[in-house]
Amino acid sequence: MKPEATPKMTVLSSPVGLKSIINSLVAFSIIVGFATFLFYQGQEGQVLMAIEHGHQEMQVQVAAEHHEQLRVKEAKVQLTAEPPDVSKEECNWSTGQWVYDNMSRPLYSGLKCAFIFPELSCDKYGRKDAMYQHWRWKPHGCDLPRFNATRLLEKLRNKRLVFVGDSLNRNQWVSLVCMVEASIPDDRLKMRVFNGSLISFKAFEYNVTIDFYWSPLLVESNSDDPIIHRVEYRIIRADRIDKHANAWRDADIIIFNSYVWWRKHKPDMRMKVMYGSFEDGDARLEEVEMVDGFEIALRKLTEWLGENIDKNRTRIFFAGSSPTHNWASNWGGVDRNKCLNETEPVYKVGYKATGTDYSMMEKAKSYFGTLEHKGIHVEILNITELSDYRKDGHPTVFRKQFAPLTKEQMANPASYADCTHWCLPGVPDVWNEFLYGYLMYK
């Protein structure tokens, strides 16, 4: 911005008028001189204020131009830079620390992303602190590849990528869509389509489809409706997966996720497993521990992948456990607040949130390892440790589910604070940086 023209012209033209008066009224030189002295005293302050104001605005303008030059330069570097060396053994993306970075973060605006879901748009629904958007994950001894939306879309040109799983996988899907859609400014070249359990984002210019498919327990279950399902009473069909598999069968890239739905909400909670069918008259139910149900689902998924996947076409990922932060006493807080009003990560190295079961991911690795002899490699997105630290990254009461929370509900975080899902921009953006790094460089 430039200083306003009118005040500046008034200040500069006044002394010229006074000199004319002084030249024509010599007899009153002493009086006029004294008056002029007083006049200049007042005007000097205005001149200095105008100059200072103009200088400040010029500094702001120069700083803005410099920032834009750096941004353009950085963008060019991103497009021309050599791929990072991700072959080093010490470059383990999964271990590191969160670094506060309000220069390169966030990667997009949650308020501007037209595809964000209201239960994840925390700033829109009243969260005032924005620190949760400015943390960058810094692995020990290396850096994550810098995310470039245009490069990713080019990599995905003419391809279909599908997230398969529960609402946390949908959380990651929304994150990725927001990360790429900002690089497509023309709204006519992008769209979102809802079709029951399937949600699709389409980037027409690249012929790219990024889908999310609701399948929280991997195999068929009584929780297959994304809206209507019971949280505690769960039944899986041990030998049925084809209905779901038809939704991802033709995908080029699949990211599976299934963890939080296998956790116990009560000590006596068990998974019901159905064998056979009512139609054939051989249906029977068995009750097993939740973790045993997880293995049944993994076994069926692995069996299907081994028989149906084209190893030369389809790339498969399995996302690690996403932790919850429901017990504030773990980090010195008050449990009734859950994760409300947390603004910084946990800094204690090796911190593990209560309920995070790392052994479940080891079970998944073990089952997927049986596919190696068929040439099918399932890559694990190990995002558990970095997410464990982020007690500050959840929506808590700043969200809209079916309707915004009332004042009474917001004042009762013990019942209404969501410490499972993640605000966006936020933690799932890093999960997608992992995915980006694998797709581009590994």
Side-chain angles (χ1 to χ4, degrees), residues 119-120 163-172 214-226 228-238 244 255-274 286-301 318-331 335 338-339 346 351-368 380-391 393-396 399 401 413-422 427-428 431:
E119 63 266 30
L120 311 173
F163 289 91
V164 176
D166 57 27
S167 57
L168 285 161
N169 221 18
R170 185 173 61 210
N171 208 161
Q172 186 176 357
W214 174 264
S215 179
L217 295 163
L218 301 177
V219 292
E220 294 176 28
S221 74
N222 68 335
S223 300
D224 287 347
D225 190 301
I228 304 171
H229 47 255
R230 295 176 63 181
V231 173
E232 295 183 1
Y233 186 78
R234 295 173 183 170
I235 304 173
I236 59 171
R237 302 286 297 271
H244 294 330
I255 302 96
F256 291 103
N257 159 273
S258 187
Y259 168 69
V260 73
W261 278 64
W262 302 98
R263 291 184 59 197
K264 286 189 173 185
H265 291 267
K266 298 185 298 186
D268 61 345
M269 185 175 177
R270 292 164 68 83
M271 178 65 73
K272 294 173 176 60
V273 184
M274 181 177 178
E286 293 183 4
E287 283 195 357
V288 300
E289 292 296 329
M290 300 299 289
V291 69
D292 294 329
F294 182 56
E295 292 196 57
I296 290 172
L298 286 173
R299 190 179 301 120
K300 186 62 182 177
L301 175 62
F318 195 83
S321 312
S322 174
T324 60
H325 293 92
N326 290 316
W327 304 103
S329 56
N330 285 355
W331 57 82
D335 280 340
K338 297 176 75 172
C339 61
V346 174
Y351 172 83
K352 291 181 174 62
T354 296
T356 304
D357 189 349
Y358 284 72
S359 69
M360 292 184 71
M361 290 303 99
E362 293 304 316
K363 291 182 186 297
K365 288 181 184 178
S366 176
Y367 276 95
F368 294 134
I380 304 295
L381 296 178
N382 189 359
I383 49 83
T384 306
E385 179 180 324
L386 67 91
S387 305
D388 256 332
Y389 296 125
R390 291 300 304 277
K391 60 181 173 60
H394 301 284
T396 64
R399 60 190 175 89
Q401 197 67 36
S415 298
Y416 293 98
D418 180 355
C419 297
T420 299
H421 301 95
W422 302 93
V427 174
W431 305 352

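No hydrogens, no waters, no symmetry mates; every other heavy atom, side chains included, goes into these values. Remember, predicted model here, so these are calculated numbers, not experimental data.
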Participant: Decide yes or no for K391 and N330: does some side-chain heavy atom of the first lie under 4.5 Å from some side-chain heavy atom of the second?
Facilitator: no
Participant: To the nearest 0.5 Å, tell me how far L217 CG sits from I296 CD1.
Facilitator: 11.5 Å
Participant: Find out whether L381 and W431 are in side-chain contact, i.e. whether some heavy atom of one side chain is under 4.5 Å from a heavy atom of the other.
Facilitator: no
Participant: Apply the test side chain to side chain contact (heavy atoms under 4.5 Å, CB included) to residues M361 and F318: give CA-CA distance (whole Å), side-chain angles for both, the deciding distance (0.1 Å), then the verdict.
Facilitator: CA-CA 9 Å; M361 290 303 99; F318 195 83; 3.9 Å; yes
Participant: For K272 and E286, what are the C-alpha separation, side-chain angles and deciding distance, and is it a salt bridge (Lys or Arg N to Asp or Glu O under 4.0 Å)?
Facilitator: CA-CA 6 Å; K272 294 173 176 60; E286 293 183 4; over 6 Å; no
Participant: OH/Y416 to NZ/K338 distance, rounded to the nearest 0.5 angstrom?
Facilitator: 11.5 Å
Participant: To the nearest 0.5 Å, what is the distance between CZ (R390) and OH (Y351)?
Facilitator: 13.5 Å
Participant: Measuring from M360:CE to F294:CZ, what's the distance to the nearest 0.5 Å?
Facilitator: 4.0 Å
Participant: Side-chain donor-acceptor pair under 3.5 Å between W261 and S221, yes or no?
Facilitator: no
Participant: Test your reading of the model: is there a side-chain donor-acceptor pair from D335 to the backbone of A328, 3.5 Å cut-off?
Facilitator: yes
Participant: Should D224 and H244 count as side-chain neighbours, where that means a heavy-atom distance under 4.5 Å?
Facilitator: yes
Participant: Out of H421, R263, H394, which one pairs with T324 under the side-chain hydrogen bond (donor to acceptor under 3.5 Å, both in side chains) rule?
Facilitator: R263
Participant: N326 vs T354, test: side chain to side chain contact (heavy atoms under 4.5 Å, CB included). Steps then yes/no.
Facilitator: CA-CA 8 Å; N326 290 316; T354 296; over 6 Å; no
Participant: Using a 3.5 Å distance criterion without hydrogens, assess whether the side chain of N171 forms a donor-acceptor pair with backbone atoms of W422.
Facilitator: yes
Participant: If you define the side chain from C-beta out and look only at heavy atoms, does anything of V346 sit under 4.5 Å from D388?
Facilitator: no
Participant: Please report the shortest heavy-atom distance between G320 and N257, naming the atom on each side.
Facilitator: O-ND2, 4.2 Å
Participant: Is there a side-chain contact between W214 and N169, using heavy atoms and a 4.5 Å cut-off?
Facilitator: no
Participant: Is there a side-chain contact between Y358 and E385 in this structure, where contact means two heavy atoms from C-beta onward sitting under 4.5 Å apart?
Facilitator: yes
Participant: R234 and V260: which non-hydrogen atoms are nearest, and at how many Å?
Facilitator: NH1-O, 4.5 Å
Participant: Answer yes or no: does atom CH2 of W331 have more than 12 heavy-atom neighbours from other residues, nucleotides or ligands under 6.0 Å?
Facilitator: yes
Participant: Within a strict 4.5 Å, meaning less than it, do heavy atoms of the I236 and M271 side chains meet?
Facilitator: yes
Participant: Once you round to the nearest 0.5 Å, how far does OG1 of T356 lie from NE2 of H325?
Facilitator: 6.5 Å
Participant: Main chain of P323, side chain of S387: is a donor-acceptor contact present, judged purely on distance under 3.5 Å?
Facilitator: no
Participant: Could you give the distance from OG (S223) to CD1 (I235), rounded to the nearest 0.5 Å?
Facilitator: 8.5 Å
Participant: Are the side chain of S258 and the backbone of P216 linked by a donor-acceptor contact shorter than 3.5 Å?
Facilitator: yes
Participant: Flag the pair L301 / Y367 as yes when at least one side-chain heavy-atom distance between them is below 4.5 Å, and no otherwise.
Facilitator: no
